[in-house]
Amino acid sequence: MSEHKRGIGRATRRAFRVRQKIKKVAHAPRVSVFRSLNQTYAQLIDDAQGKTLASASTLALKDLSGDKKALARAVGKELAMNAKKLDINTVVFDRGSYRYLGRVREVAEGLREGGLTL
């Protein structure tokens with residue numbers, strides 16, 4: 001992917017670049033973050049098996065209220081709790097094509113508050 005290919009967008013190239021760096025140090029499961037306009041999703045992925053181990057989203061946290069950043073932090077805490085049940089303490093954070101700020105950063109902070117090491 002070192003050469004520029006026509007038709008591949010900037011976001012796709014950025015996500016590919018981030019994942020290539022992560023896979024070099026793939027000693028732990030990967031936390032992938034996706035954010036839409038209103039919702040935030042995070043999932044714990046084992047790349048060796050190609051399976052999703054756990055997931056959390058703002059859709060599952062309907063009983064909570066607050067702004068989107070507060071809900072994103074709650075998603076991180078929920079995913080950390082699910083990872084602890086699976087006896088996972090260390091993860092690699094995959095921000096995808098998103099910059100590390102706002103809701104993406106809040107998910108990471110929630111994971112840390114939940115006791116995971118990024």
Side-chain angles (χ1 to χ4, degrees):
M1 182 92 186
S2 61
E3 62 188 40
H4 176 69
K5 296 190 183 218
R6 195 173 175 157
I8 297 177
R10 178 179 297 147
T12 305
R13 289 194 309 265
R14 186 182 310 123
F16 182 80
R17 184 173 59 240
V18 168
R19 287 200 182 99
Q20 288 303 98
K21 290 178 186 176
I22 288 172
K23 288 182 181 181
K24 288 180 184 176
V25 293
H27 60 279
R30 171 171 60 105
V31 174
S32 178
V33 176
F34 173 75
R35 61 179 175 86
S36 67
L37 183 63
N38 295 316
Q39 309 297 334
T40 305
Y41 307 86
Q43 57 184 350
L44 189 62
I45 302 168
D46 182 7
D47 285 321
Q49 297 178 357
K51 292 187 178 180
T52 299
L53 304 174
S55 64
S57 72
T58 52
L59 291 174
L61 303 172
K62 284 294 185 188
D63 56 333
L64 295 178
S65 63
D67 62 344
K68 290 191 257 186
K69 286 172 70 172
L71 291 174
R73 186 176 286 246
V75 167
K77 287 181 186 178
E78 179 74 19
L79 187 61
M81 188 174 67
N82 293 341
K84 290 288 188 179
K85 289 179 186 174
L86 296 172
D87 199 32
I88 296 171
N89 297 319
T90 305
V91 295
V92 180
F93 190 73
D94 177 11
R95 63 184 175 85
S97 62
Y98 308 112
R99 294 169 57 193
Y100 186 78
L101 51 84
R103 288 188 279 162
V104 175
R105 182 175 182 165
E106 291 298 319
V107 170
E109 294 298 324
L111 290 169
R112 287 187 185 102
E113 285 180 14
L116 292 183
T117 304
L118 300 183

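Note that the coordinates shown come from a computational prediction; the quantities given were computed from them, not determined experimentally. Start at 1 with the first residue, then count along the sequence.
- Each of Met81 and Leu61 belongs to its own hydrophobic cluster when Ile, Leu, Val, Met, Phe, Trp and Tyr are linked at side-chain heavy-atom distances under 4.5 angstrom.
- Nearest heavy-atom pair, Asn82 versus Ser55, reported as atom, atom and distance to 0.1 Å: ND2-O, 3.4 Å.
- Taken together through direct or relayed side-chain contacts under 4.5 Å among Ile, Leu, Val, Met, Phe, Trp and Tyr, Leu79 and Leu53 form part of one hydrophobic cluster.
- Residues meeting the salt bridge (charged side-chain N to carboxylate O under 4.0 Å, His left out) test with Arg73, sequence neighbours left out: Glu106, Glu113.
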Report all side-chain donor-acceptor pairs from residues 95-102 shorter than 3.5 Å, counting only partners two or more places apart or in another chain.
unit_1	atom_1	unit_2	atom_2	d
Arg95	NH1	Tyr98	O	2.8
Tyr98	OH	Arg35	O	3.3
Tyr100	OH	Arg112	NH1	3.3

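- Taking hydrophobic clusters as Ile, Leu, Val, Met, Phe, Trp and Tyr residues chained together by side-chain heavy-atom distances below 4.5 Å, Tyr41 shares a cluster with Leu111.
- Residue Lys69 qualifies as open at atom NZ: its count of foreign heavy atoms under 6.0 Å is 12 or below.
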Show your working on side chain to side chain contact (heavy atoms under 4.5 Å, CB included) between Asp94 and Val31 and close with a plain yes or no.
CA-CA 6 Å; Asp94 177 11; Val31 174; over 6 Å; no

Walk me through whether Asp47 and Arg30 qualify under salt bridge (charged side-chain N to carboxylate O under 4.0 Å, His left out).
CA-CA 7 Å; Asp47 285 321; Arg30 171 171 60 105; 2.9 Å; yes

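- Put simply, the side chain of Ser57 gets close to the backbone of Leu59: a donor and an acceptor are under 3.5 Å apart.
- In terms of hydrophobic clustering, with Ile, Leu, Val, Met, Phe, Trp and Tyr side chains grouped at heavy-atom distances under 4.5 Å, Leu118 and Val104 are assigned to a common cluster.
- At least one side-chain heavy atom of Phe93 sits under 4.5 Å from a side-chain heavy atom of Val107.
- Taken from CZ in Arg103 to OG1 in Thr40, the straight-line distance is 4.0 Å, to the nearest 0.5 Å.
- Ile45 and Phe34 end up in different hydrophobic clusters when Ile, Leu, Val, Met, Phe, Trp and Tyr side chains are linked at under 4.5 Å.
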Side-chain atoms of residues 84-91: list all donor-acceptor pairs with protein atoms under 3.5 Å, sequence neighbours left out, distances to 0.1 Å.
unit_1	atom_1	unit_2	atom_2	d
Lys84	NZ	Asn89	OD1	3.0
Lys84	NZ	Gly115	O	3.2

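- The minimum heavy-atom distance between Gly114 and Ala80, with the atom names listed, is CA-CB, 3.7 Å.
- Checking Ser32 against Gln43 by side-chain atom types alone, no donor-acceptor pair falls below 3.5 Å.
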